[in-house]
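In what follows, every chain begins at residue 1, and chains take the letters A, B, ... in the order their sequences are listed. Just so it is clear, the model here is predicted, and its values are computed rather than measured.
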Number of protein chains: 2
Amino acid sequence: MNALHQCISQYHPISIAAWEALSKALIKVEVPKNSFLVKEGAVCNKLYFLERGCLRGYYNNLDGKEVTYWFGFENNFITSFYSFISRKPGIENIQILEDSTLWGISFEALNQLFDQHHDLERLVRIINEQYYIRLEERLMAMQFKTARERYEQLLETSPHILQRIPLGQIASYLGISQETLSRIRSQV
Amino acid sequence: MNALHQCISQYHPISIAAWEALSKALIKVEVPKNSFLVKEGAVCNKLYFLERGCLRGYYNNLDGKEVTYWFGFENNFITSFYSFISRKPGIENIQILEDSTLWGISFEALNQLFDQHHDLERLVRIINEQYYIRLEERLMAMQFKTARERYEQLLETSPHILQRIPLGQIASYLGISQETLSRIRSQV
DNA sequence: TCTTTCTTTTGACAATTGTCAAAAAAGGAA
DNA sequence: TTCCTTTTTTGACAATTGTCAAAAGAAAGA
């Protein structure tokens, strides 16, 4: 739980009372490789902090292919965002790629904490904003860069992804075919 | 200002006190077509609500081309998000495409209001979340759909864009060349 | 170790999309 | 209207990326 506290502090320090309340509401979740944290068709009721391990979000498209659109690593906040926020079933699956340790809090518990601790809601607002900026950067790369440029950007900003994730999933994440990524990689 | 109040209510109703405080902090901005709300290299210090008109966010890429990555229409919240949040100069230009009326609030004023009115900060958190979901949808379309599919999706979800925005800017927004968009359009 | 399975690479070819240049069409101003 | 500017379309060709199939390589279990 220390990792979470440290991570939080980097975004926005919260009061001791807020941290204590949050700690009490958190539930430790240990999940083995290849299991699922969230499955499509279900409402995702929890927001997680990933302390150890890694995982991915993907959905099955109309052609029956798995489409990976994000990876989660240590110190990331994890949820099926659309489902968690809208309280509706999502199409997203969250699969554990390495044995992982997470801390989870339910939607209800989180919102109760928001009522009691203004600074906790501020923290979440600020984290949301930072994640928004990341997403914006990714959209821009997707929209205006070639496959090769996107791969090179990934190499620079997130080399750990290359070491921990199979190529096919990375290709999907970059929006290209596995064959194309393999060819790009052999030419760099 | 009524439009803003109504728009807000759809996200999260706020107290009368919060609304009054917000109203007082808002500054009306009228801008003519082709002028700029935000220019690259500057820190964007305001969050706007667009009451009337339309505008676009774009940046100049390394090849000297304008790259459009969003449009704003009536009832949208507008800012150069990265710059507004991080308090750093951005690369984004916001150009007015039709004579527009906006209501603006400064970063400082907004944050002071957050301290005084918890429900206002909640409102912004919720709006942020909804905008995040939109962005996520756009990223997925960009990542896993063909140019034609993205165009057809735009036709369905935002036909007004087609009627108010030049083709070249729409093409850029869709991440394709103007010629390709023109050809797609002639074949639908 | 030897299989078996999963992952990655390679080849051949097709489909999509981009680029450059020019023509056509549309819109604005006098 | 008429002229001028901007926007859109079209053609020819090149570059990028995808698809299918097969081979090569790596990892995991018996």
Side-chain angles (χ1 to χ4, degrees), chain A residues 32-35 54-56 58 60-69 71 95-99 140-155 159-188, chain B residues 32-35 54-56 58 60-69 71 95-99 140-155 159-188:
Chain A
K33 182 171 173 172
N34 287 327
S35 65
C54 78
L55 35 75
R56 66 166 179 143
Y58 75 90
N60 296 295
N61 76 358
L62 299 175
D63 306 334
K65 284 187 187 166
E66 289 184 359
V67 162
T68 297
Y69 58 103
F71 298 108
Q95 184 184 27
I96 312 299
L97 301 181
E98 296 173 8
D99 293 353
M140 284 201 254
M142 200 54 66
Q143 202 164 352
F144 306 112
K145 295 193 173 174
T146 64
R148 156 162 281 117
E149 287 169 334
R150 297 202 298 276
Y151 172 71
E152 284 167 357
Q153 181 175 320
L154 192 72
L155 265 186
H160 56 284
I161 292 187
L162 279 300
Q163 286 147 13
R164 294 171 72 177
I165 310 282
L167 202 68
Q169 290 174 19
I170 296 174
S172 179
Y173 175 79
L174 290 172
I176 56 181
S177 71
Q178 171 167 329
E179 293 90 335
T180 297
L181 179 54
S182 175
R183 288 186 177 104
I184 286 172
R185 206 160 65 146
S186 70
Q187 287 164 28
V188 170
Chain B
K33 182 171 172 172
N34 287 327
S35 65
C54 79
L55 35 75
R56 68 167 177 141
Y58 75 90
N60 297 294
N61 77 356
L62 298 176
D63 306 334
K65 283 187 187 168
E66 290 184 357
V67 162
T68 297
Y69 58 102
F71 298 108
Q95 184 184 27
I96 312 297
L97 300 180
E98 296 173 7
D99 293 353
M140 284 201 254
M142 199 57 64
Q143 202 165 352
F144 307 112
K145 294 193 172 175
T146 64
R148 155 161 283 115
E149 288 169 333
R150 298 202 297 276
Y151 173 71
E152 284 165 357
Q153 181 175 322
L154 193 71
L155 265 185
H160 57 283
I161 292 187
L162 280 299
Q163 286 147 15
R164 294 170 73 175
I165 310 282
L167 202 68
Q169 290 175 18
I170 296 174
S172 178
Y173 174 80
L174 289 173
I176 56 180
S177 71
Q178 171 167 328
E179 293 91 334
T180 297
L181 179 54
S182 175
R183 290 188 176 103
I184 285 172
R185 206 159 66 146
S186 69
Q187 286 164 27
V188 170

Only counting residues at least two apart or in another chain, list the ones meeting side-chain hydrogen bond (donor to acceptor under 3.5 Å, both in side chains) with [X].
{"X": "N60(B)", "value": "E40(B)"}
{"X": "K145(A)", "value": "Q153(A)"}
{"X": "Y58(B)", "value": "none"}
{"X": "S35(B)", "value": "none"}

- [ ] Would you mind reading off the distance between I165(B) atom CD1 and dT6(D) atom P, rounded to a whole angstrom?
- [x] 18 Å
Task: Separation of dA24(D) P from R185(A) CZ (nearest whole Å) - done: 19 Å
Open item on the list: Main chain of T146(A), side chain of E149(A): is a donor-acceptor contact present, judged purely on distance under 3.5 Å?
Closed with: yes
TODO: Name all pairs fulfilling the salt bridge (charged side-chain N to carboxylate O under 4.0 Å, His left out) condition that reach into residues 159-172 of chain A, sequence neighbours left out, sorted by first residue then second.
DONE: E74(A)-R164(A), E98(A)-R164(A)
Task: First of A147(B) and K33(B) reached from the 5' end of DNA chain C, by closest nucleotide - done: A147(B)
Open item on the list: When the axes are fitted on five pairs at both termini, how much does the helix from dT1(C)-dA30(D) to dA30(C)-dT1(D) curve, in 10° steps?
Closed with: 50°
- [ ] Please list, in 5' to 3' order, the outermost nucleotides of DNA chain C lying under 4.0 Å from any heavy atom of chain B.
- [x] dT17(C) to dA21(C)
Task: Under the side-chain contact (heavy atoms from CB on, under 4.5 Å) test, residues paired with D99(B) that sit two or more places apart - done: P32(B), K33(B), R52(B)
Open item on the list: Please enumerate all residues that pass side-chain contact (heavy atoms from CB on, under 4.5 Å) together with S177(B), with sequence neighbours excluded.
Closed with: E179(B), T180(B)
Open item on the list: Heavy atoms within less than 4.0 Å of DNA chain C: which residues of residues 172-181 of chain B have one? Give them sorted by number.
Closed with: G175(B), I176(B), S177(B), E179(B), T180(B)
Task: Contacts of E66(B) that satisfy salt bridge (Lys or Arg N to Asp or Glu O under 4.0 Å) - sequence neighbours left out - done: R56(B)
Open item on the list: Just to verify, what does F144(B) make a ring pair (Phe, Tyr, Trp, His ring centres under 6.0 Å) with, not counting sequence neighbours?
Closed with: none
